[in-house]
Amino acid sequence: MKTQVAIIGAGPAGLLLGHLLRAEGVDCVVLERQTGDYVLSRIRAGVLEGVTVGLMRRLGLDARLKAEGLVEEGFNLADGERLIRIDVAALTGRTVTVYGQTEVTKDLMDAAQERQLQVIYEAGDVALHDIESDAPFVTYSHQGNPQRLDARFIIGCDGFHGPSRKAIPASAVREYERVYPFGWLGILADVPPCNHELIYANHARGFALASMRSHTRSRYYVDVPLSERIEDWPDDRIWDELAIRLGPEAAAGMTRGPSIEKSIAPLRSYVFEPMRHGSLLLCGDSAHIVPPTGAKGLNLAASDVHYAVEALAGWFRHHDADAIAGYSAKALARVWKSERFSWSLTRLMHRFPEDGPFERAMQVAELDYIASSRAAQTSIAENYVGLPL
Ligand code: APR
Ligand code: PHB
């Protein structure tokens, strides 16, 4: 089989890229290791920046997002009894939208057939070949048969564990990594949220986040040591912990209910450079990971995709090689700023086991500063709504 662009991975990055390329008249095929149902079973964050919403709008795939997404004008930082509201709408003139990543993926998946975006699910043993040439290709197996897909470019949208990044020779790359000494234990429940806006809490017992998917579905997190096992966290224990960490006001508004999903996810900051090697471009989690504090993961994947589409459209329209050559630097400039924001919000809102009184005093001083300074709040707000492309 032959196409112009081979996309590996049908997560949000791969599907968004596929649709946008089709809209530009570029042929592409998406190869996904899992089934569609499996892809949709992954629960991830749910706060969309304007850039991400804008791409769904550009595709005309935002009907459900517009109808069901919750437009958020602010969010809160809690520190013990104190609640600092960041009025992002007043500070930036912009908002974010609460809409689950799973829903974004579903909307993109549902539209694939009608828009003739070819997605091959259950593609096994995907391997990249000749990425340093102008005629790269991908081999894979499908329904027991070996297959080959030739393309002008390959785009790795295959997440942190996929094969794309690993196809780049080690001598050409640089990796940056920070792992955190805790994970987020998340719970999803069909109960109304405790607050109409998100609350990120830094409590003596640890971090907590109150988030939501809708007016009737809540998503909460507490941080736990990586050694914790989910079996040791019955729902009641999580609700008790949330009530303490989120503070009395949120606790008073909290409705408890049975969990419909519960898991522990480790936190990591990771950047892989460069994001292009020869005819291979990387987008999303295949090239970088942010800790979930600030919900930048999907949004960063969306901005990578935006830059990749610009570069690929330029190449297929008028053989603009500079656009392809410039992709990595352009994408990485925004990646690093999001990495910085996610890392600094993680640092501010979590109790690190190695921290002593000095580090805690720094957190208190920073939260005091944020509470009293419009400039500090604006800085947080403009990162939260998403920096310009
Ligand atoms: N062959 C084909 N597909 C693969 C392979 C492989 N060998 N390995 C992984 N994939 C697929 C995965 O099954 C998954 O569907 O690539 C997809 C990658 O999707 P995500 O991990 O969701 O990554 P991405 O699309 O970059 O999304 C970025 O979404 O997943 C979140 O935390 C992530 O919020 C971030 C954003
Ligand atoms: C979520 O709703 O799952 C969520 C929200 C904000 C975050 C992370 C996760 O920072």
Side-chain angles (χ1 to χ4, degrees), residues 43-48 65 67-91 95-103 182-224 230 233-265 292-295 345-346 348-351 363-364 367-368 370-372 377 380-381 384-385:
I43 310 270
R44 298 258 171 81
V47 180
L48 308 186
L65 197 164
E68 295 174 19
L70 304 178
V71 173
E72 298 278 302
E73 298 193 336
F75 71 99
N76 303 275
L77 300 175
D79 189 20
E81 310 251 311
R82 167 169 65 172
L83 202 64
I84 306 167
R85 177 164 188 268
I86 309 293
D87 189 338
V88 294
L91 292 162
T95 55
V96 295
T97 304
V98 163
Y99 189 68
Q101 176 172 319
T102 315
E103 307 309 319
F182 36 70
W184 277 20
L185 192 173
I187 180 171
L188 190 67
D190 277 330
V191 292
C194 67
N195 189 49
H196 69 288
E197 291 176 347
L198 274 68
I199 305 173
Y200 294 85
N202 177 335
H203 187 274
R205 290 173 69 94
F207 171 83
L209 168 60
S211 181
M212 70 210 80
R213 290 290 175 272
S214 68
H215 294 304
T216 56
R217 182 169 285 188
S218 301
R219 179 75 167 154
Y220 289 97
Y221 301 90
V222 289
D223 79 324
V224 294
I230 197 73
W233 286 86
D235 291 359
D236 278 343
R237 181 174 176 204
I238 304 177
W239 292 116
D240 289 346
E241 198 61 36
L242 283 164
I244 298 169
R245 295 187 189 186
L246 287 168
E249 215 175 306
M254 200 169 83
T255 309
R256 298 176 180 224
S259 62
I260 50 178
E261 196 269 349
K262 208 161 51 167
S263 55
I264 298 177
T293 333
L345 199 56
T346 302
L348 178 65
M349 300 310 291
H350 292 73
R351 303 287 173 111
Q363 288 186 336
V364 173
L367 286 159
D368 275 349
I370 293 166
S372 64
Q377 291 180 17
I380 292 188
Y384 195 75
V385 297

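Residues: numbered from 1 along the sequence shown.
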Enquirer: Using side-chain hydrogen bond (donor to acceptor under 3.5 Å, both in side chains) as the criterion, list what pairs up with Asn76, not counting sequence neighbours.
Expert: none
Enquirer: Does any N or O in the side chain of Glu72 come within less than 3.5 Å of the main-chain N or O of Thr97, such that one atom is a donor and the other an acceptor?
Expert: no
Enquirer: Say whether, by atom type as modelled, one donor and one acceptor occur between the side chain of Ser218 and the main chain of Ala189 under 3.5 angstrom.
Expert: no
Enquirer: Sequence neighbours excluded, which residues qualify as salt bridge (charged side-chain N to carboxylate O under 4.0 Å, His left out) partners of Glu73?
Expert: none
Enquirer: Measuring only between side-chain heavy atoms, which start at C-beta, is Phe207 closer than 4.5 Å to Thr346?
Expert: no
Enquirer: For the CG atom of Asp240 and the CH2 atom of Trp233, what is their distance to the nearest 0.5 Å?
Expert: 9.5 Å
Enquirer: Does anything in residues 183-196 pair up under salt bridge (Lys or Arg N to Asp or Glu O under 4.0 Å), and if so which pairs, sequence neighbours excluded?
Expert: Asp190-Arg217
Enquirer: Quick one: list whatever passes ring pair (Phe, Tyr, Trp, His ring centres under 6.0 Å) with Tyr99, sequence neighbours left out.
Expert: none
Enquirer: Excluding sequence neighbours, so at least two apart, what forms salt bridge (charged side-chain N to carboxylate O under 4.0 Å, His left out) with Arg85?
Expert: Asp87, Glu197
Enquirer: Could you note down all residue pairs passing salt bridge (Lys or Arg N to Asp or Glu O under 4.0 Å) where residues 203-213 supplies at least one of them, sequence neighbours left out?
Expert: Arg205-Glu241
Enquirer: Using the test side-chain hydrogen bond (donor to acceptor under 3.5 Å, both in side chains), find all partners of Ser214 that sit at least two apart in sequence or belong to another chain.
Expert: Thr216
Enquirer: Return all side-chain donor-acceptor pairs below 3.5 angstrom for residues 248-255, not counting sequence neighbours, or 'none' if the list is empty.
Expert:
none

Enquirer: Not counting sequence neighbours, which residues clear ring pair (Phe, Tyr, Trp, His ring centres under 6.0 Å) with Phe182? List them please.
Expert: His350, Phe352
Enquirer: State which residues pass side-chain hydrogen bond (donor to acceptor under 3.5 Å, both in side chains) with Ser259; sequence neighbours excluded, sorted by chain then number.
Expert: Asp235
Enquirer: Going by heavy atoms in the side chains, are Tyr384 and Leu91 under 4.5 Å from each other?
Expert: no
Enquirer: Apply side chain to side chain contact (heavy atoms under 4.5 Å, CB included) to residues Leu348 and Asn202 and explain how you reach the verdict.
Expert: CA-CA 8 Å; Leu348 178 65; Asn202 177 335; 5.9 Å; no
Enquirer: How many angstroms lie between OG1 in Thr95 and CG in Leu70, if you round to the nearest 0.5 Å?
Expert: 11.5 Å
Enquirer: Looking at residues at least two apart in the chain, or sitting in another chain, which of them share a side-chain hydrogen bond (donor to acceptor under 3.5 Å, both in side chains) with Ser211?
Expert: none
Enquirer: Check side chain to side chain contact (heavy atoms under 4.5 Å, CB included) between Ala210 and all other residues, then give those that pass, not counting sequence neighbours.
Expert: Cys194, Ile199, Tyr220, Leu246
